[in-house]
Each structure stands twice: as C-alpha cells, then as structure tokens.
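Since the structure comes first, as structure tokens, the remarks are kept for the end.
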Amino acid sequence: MLWFGQPGPGGWNRKCLCPFPLPSGQHSQPSYGFPQVNEVVFGPGESHCATCSEDGSVRVWALASMELVIQFQVLNQSCLCLAWSPWCCGHPEQQRLAAGYGDGSLRIFSVSRTAMELRMRPHPVALTTVTFSTDGQTVLSGDKDGLVAVSHSRTGMTFRVLSDHQGAPISTICVTRKECEDLGVEGTDLWLAASGDQQVSVWASDWLRNRCELVDWLSFPMPATTETQGHLPPSLAAFCPWDGALLMYVGPGVDKEVIIYDLSQKQVVEKIPLPFFAMSLSLSPGTRLLALGFAECMLRLVDCATGTAQDFAGHNNAVHLCRFTPSARLLFTAACNEILVWEVSGH
C-alpha cells in the first residue's frame with residue numbers, strides 16, 4: 001500500500017497510493033497478505049512511476065492521479081528489480097522497463113505498446129539489481145552469486161560477464177555519465193557495483209566500443225555480525241549527483257555511518273554518523289538531500305549542505321527502499337508491501 005501524510009510544519013506532506021487491490025471493507029494499513037514491493041522507478045517528466053513486487057507484477061502508475069494505468073504480470077516468478085530507460089534515449093513513446101526475476105531472466109517491456117519486447121536469461125540464478133546505460137542501449141544486471149552481466153537492450157545478447165564480485169550478491173549497480181576528467185580513463189559512462197561483502201568496484205565504459213576499465217576498488221572492513229532485527233544490512237553505494245567525483249556508501253561496517261569517498265583523491269573525505277545500520281539509500285538529484293531507511297521503521301533525511309538531519313516515522317516494518325524522484329519533489333519509501341509517498345516541502 002502507498003500512503004501520504006503531514007508529519008509537521010515545514011516537513012513533508014504525505015499522500016495515499018494503494019498499488020494492490022484491497023479486499024472489500026479493508027483499510028489502507030499494512031497487510032501481510034500482499035506481496036512485498038521491491039523497487040520503484042520513474043519515467044520521463046515524472047508523469048509516471050513503476051513498481052515491481054514479489055508476485056511477479058510490474059505496475060505503472062500515473063503520479064498526478066495515483067492511478068494504476070498498466071500492469072505486466074509474470075506468473076510463478078518474483079520480480080526482484082526494475083529499471084526505466086533513461087530520458088535521453090528517445091521520445092516518451094519509446095520508453096521501456098527492464099525487469100529482473102527470480103529465475104535469472106530479464107524482460108524488456110514497452111510502456112507505450114504495453115507489451116513485452118524481449119526476454120533473455122543472462123544469469124543462472126536470481127537477479128538482484130538492474131539498470132540501463134546512460135544511452136539506454138545496454139542493460140547491466142547483477143545476481144545473487146556476484147556476477148554482473150552486460151547485455152544489448154535491443155537484441156538481448158549478453159556480450160560481457162564480470163565475475164570480480166563472485167561469491168557475494170550484487171546489491172547495487174549505479175550508472176552515471178562520466179564527467180570527471182581527473183580519473184585518467186576513457187569512457188562515456190561511469191558505473192559502480194557494490195556487493196554484500198562490502199566491496200565496491202568503479203568502472204569506466206564505452207559499450208559501443210566494447211570498452212570497460214576498472215577505475216577503483218573499495219574494500220570496507222566486515223565485522224563478525226551486524227544483523228539488525230534479523231536483517232543483514234545491505235552494501236549500498238551511489239554516485240553523488242551534485243559532485244561527480246564523490247560516491248556515498250553504507251553497509252554492515254564496524255560503525256553505523258555514511259562514507260563519502262572522493263574518486264579523484266582516492267580517499268574517504270567525510271563520514272556521517274547514523275543511529276542504525278541503513279537498509280536503503282537515495283540521493284536527491286536536484287538538492288543536496290540524502291534519504292536513509294532503517295530496519296527500525298524509521299526514515300532519516302540529511303541535508304548535506306547544512307549537515308542537519310531529521311527523522312520521520314510512519315512505517316511498521318523495515319524501510320527497505322527509498323527513492324527520490326528526479327526533481328526531488330517526492331520521495332517514495334517502502335516497507336514490506338507498504339509504500340509511503342512523501343512530498344518534500346521547501347525544496
């Protein structure tokens with residue numbers, strides 16, 4: 001279920017969206033009979049968003065009305081990850097979704113034609129993350145065994161498999177346009193992969209020329225046990241949208257913190273202490289905001305420009321997903337099958 005509310009003046013507004021049909025007479029409260037939401041992604045102009053869930057569904061929603069407009073359903077499979085093709089790869093009618101499933105398959109759906117364009121199987125095991133290259137022509141996917149596959153989004157052919165993280169599940173793949181010239185490598189895209197053993201690899205690639213070069217490898221110490229309320233915190237990393245040389249990392253480390261790493265200096269430049277180990281991470285593209293979700297049913301918003309932080313309650317389960325819209329006007333957070341949609345005030 002998806003909710004909105006008003007925690008307080010100058011805080012966030014909250015609206016209600018219910019992505020799963022409720023039985024007659026049931027209120028929009030967390031219900032454990034409905035499938036977990038695994039990902040939320042956004043289309044061009046923020047007119048639509050899409051969700052995927054454990055029941056194998058991919059749902060497309062109109063953000064203005066919060067109404068379901070398209071649903072793709074795969075039976076007897078969990079849809080574990082989802083990506084929307086980037087804005088630069090064509091007109092809105094050419095927008096596509098890439099969805100990864102528990103059997104190792106990857107499907108490409110056309111949003112305009114409401115049809116599946118392609119089915120491929122780049123992995124022998126369940127996918128954990130998927131994303132497009134910045135030009136939309138290539139799909140990068142990771143699986144629970146630590147393999148990263150690189151495939152053509154139009155033909156479905158997998159032309160490269162990276163096994164550098166093998167042995168630990170890939171938790172994040174993040175792609176951005178390469179803008180930092182101080183890295184000393186060629187390529188159009190800069191991308192990273194983070195795995196469950198606290199390893200982060202950073203790569204520069206030009207897939208049209210079949211080029212891919214390792215830029216940096218980050219290793220963080222792993223304590224003996226860091227479970228929080230029965231959940232092992234994931235290793236999550238993202239490029240900083242307001243400074244192309246920086247990336248942010250959270251994981252099951254020795255300390256509860258956000259680590260900010262400078263790729264040009266090749267060193268940690270800042271650490272932001274946290275009250276708990278983070279289960280989810282999102283960086284605002286438009287403002288210097290950082291959102292973090294915790295297993296303790298709490299959401300924290302950090303203003304990286306001022307160093308201030310504010311905590312919000314509202315979920316009844318671990319906040320395993322948080323995603324800013326590209327404009328940073330809205331923030332989507334998910335806990336089990338419940339989604340909260342927050343409107344960021346004053347930004």
Side-chain angles (χ1 to χ4, degrees), residues 1-42 49-59 61 63 66-68 78-82 128 171 225-236 250-252 256 258 274-282 284 289-302 309-325 329-345:
M1 280 140 292
L2 234 159
W3 279 68
F4 260 98
Q6 174 96 16
W12 306 38
N13 296 318
R14 211 171 64 163
K15 295 181 181 175
C16 182
L17 176 65
C18 194
F20 307 111
L22 293 175
S24 177
Q26 185 168 335
H27 296 290
S28 295
Q29 294 292 340
S31 173
Y32 301 101
F34 298 109
Q36 173 173 298
V37 176
N38 290 323
E39 186 58 273
V40 180
V41 294
F42 305 98
C49 71
T51 59
C52 71
S53 59
E54 290 288 337
D55 65 350
S57 65
V58 173
R59 292 174 167 92
W61 306 86
L63 280 181
M66 295 296 181
E67 293 180 350
L68 177 65
S78 296
C79 189
L80 303 174
C81 48
L82 187 66
T128 52
S171 49
T225 175
T226 54
E227 286 197 4
T228 171
Q229 296 192 4
H231 301 276
L232 183 66
S235 296
L236 303 173
V250 293
K256 304 176 182 71
V258 179
L274 299 175
F276 313 106
F277 287 110
M279 299 296 294
S280 52
L281 167 74
S282 183
S284 162
L289 296 178
L290 169 66
L292 300 136
F294 303 99
E296 291 73 12
C297 310
M298 190 182 83
L299 171 70
R300 169 165 288 194
L301 185 70
V302 180
Q310 189 173 0
D311 296 332
F312 300 93
H315 284 291
N316 294 325
N317 287 280
V319 184
H320 69 267
L321 181 69
C322 52
R323 294 287 183 266
F324 278 107
T325 57
R329 186 177 63 87
L330 300 176
L331 173 69
F332 284 60
T333 61
C336 194
N337 66 332
E338 172 194 63
I339 304 174
L340 299 185
V341 184
W342 307 81
E343 183 176 4
V344 186
S345 301

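As the structure is a prediction and not an experimental result, all values here were calculated from the model. Every heavy atom of this structure was used, including side-chain atoms; hydrogens, water molecules and symmetry mates were not.
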When rounded to the nearest 0.5 angstrom, what is the spacing between CG in Leu321 and CG in Leu340? 11.5 Å
Test of understanding: with side-chain hydrogen bond (donor to acceptor under 3.5 Å, both in side chains), list the residues that count as partners of Ser282, not counting sequence neighbours. none
For Leu82 and Val58, run side chain to side chain contact (heavy atoms under 4.5 Å, CB included): C-alpha distance rounded to whole Å, both residues' side-chain angles, the deciding distance at 0.1 Å, then the answer. CA-CA 8 Å; Leu82 187 66; Val58 173; 4.0 Å; yes
Identified side chain to side chain contact (heavy atoms under 4.5 Å, CB included) partner of Thr325 from the options Val344, Leu331, Leu330: Leu330
Please round to the nearest 0.5 Å and tell me the distance separating atom CG of Asn38 and atom CG of Asn337. 11.0 Å
Could you check whether the rings of Phe276 and Phe294 sit parallel, tilted or perpendicular, using 30° and 60° as the cut-offs? perpendicular
What I'd like to find out is whether the side chain of Ser235 reaches to under 4.5 Å of the side chain of Pro252, using heavy atoms alone. yes
4.5 Å side-chain heavy-atom contact, Leu274 and Val258: yes
List the steps, then state whether side chain to side chain contact (heavy atoms under 4.5 Å, CB included) holds for Glu343 with Arg329. CA-CA 6 Å; Glu343 183 176 4; Arg329 186 177 63 87; 4.2 Å; yes
With side chains defined as the heavy atoms from C-beta onward, is the minimum distance between Cys297 and Asn316 less than 4.5 Å? no
Sequence neighbours excluded, the answer for side-chain contact (heavy atoms from CB on, under 4.5 Å) partners of Val319 is Ser280, His315, Thr333
Are Phe312 and Gln310 side-chain neighbours, meaning at least one heavy-atom pair lies under 4.5 Å? yes
With a 4.5 Å cut-off on side-chain heavy atoms, are Glu39 and Cys79 touching? no
Ignoring hydrogens, what is the shortest heavy-atom contact between Arg300 and Asp311? Give both atom names and the distance. NE-OD1, 2.6 Å
According to side-chain contact (heavy atoms from CB on, under 4.5 Å), who are the partners of Cys81, at least two apart in sequence or on a separate chain? Leu127, Val130
Indicate the atoms forming the closest heavy-atom contact of Ala335 with Asn317, along with that distance. CB-O, 3.6 Å
Are Pro233 and Lys256 packed together at the side-chain level, in the sense that at least one heavy-atom pair is separated by less than 4.5 angstrom? no
Specify the closest pair of heavy atoms between Pro275 and Met298, including all atoms of both residues, with the distance to one decimal. CG-CE, 3.7 Å
How long is the straight-line distance from CD of Glu338 back to CD of Gln36, given to the nearest 0.5 Å? 12.0 Å
Which atoms form the tightest heavy-atom contact between Ala50 and Trp61, and what is the distance? CA-CD1, 4.5 Å
Is the shortest heavy-atom distance from the side chain of Leu292 to the side chain of Val250 under 4.5 Å? yes
Short side-chain to backbone donor-acceptor contact, His320 and Val37, under 3.5 Å: yes
Quick one: side-chain hydrogen bond (donor to acceptor under 3.5 Å, both in side chains) partners of Ser78, sequence neighbours excluded? Glu54
Evaluate the criterion side chain to side chain contact (heavy atoms under 4.5 Å, CB included) for residue pair Ser53 and Arg59; output intermediate values, then yes/no. CA-CA 9 Å; Ser53 59; Arg59 292 174 167 92; 3.8 Å; yes
Evaluate the side chain to side chain contact (heavy atoms under 4.5 Å, CB included) criterion for residues Thr51 and Val41: first the C-alpha distance (whole Å), next the side-chain angles of each, then the deciding distance (0.1 Å), finally the verdict. CA-CA 7 Å; Thr51 59; Val41 294; over 6 Å; no
For Ser284, all residues meeting side-chain hydrogen bond (donor to acceptor under 3.5 Å, both in side chains), sequence neighbours excluded: Thr287
Take Phe324 and Phe332 through the test ring pair (Phe, Tyr, Trp, His ring centres under 6.0 Å) and record every step on the way to the result. CA-CA 6 Å; Phe324 278 107; Phe332 284 60; over 10 Å; no
Here the pair of heavy atoms bringing Leu299 nearest to Ala291 is CD1-CB, 4.4 Å
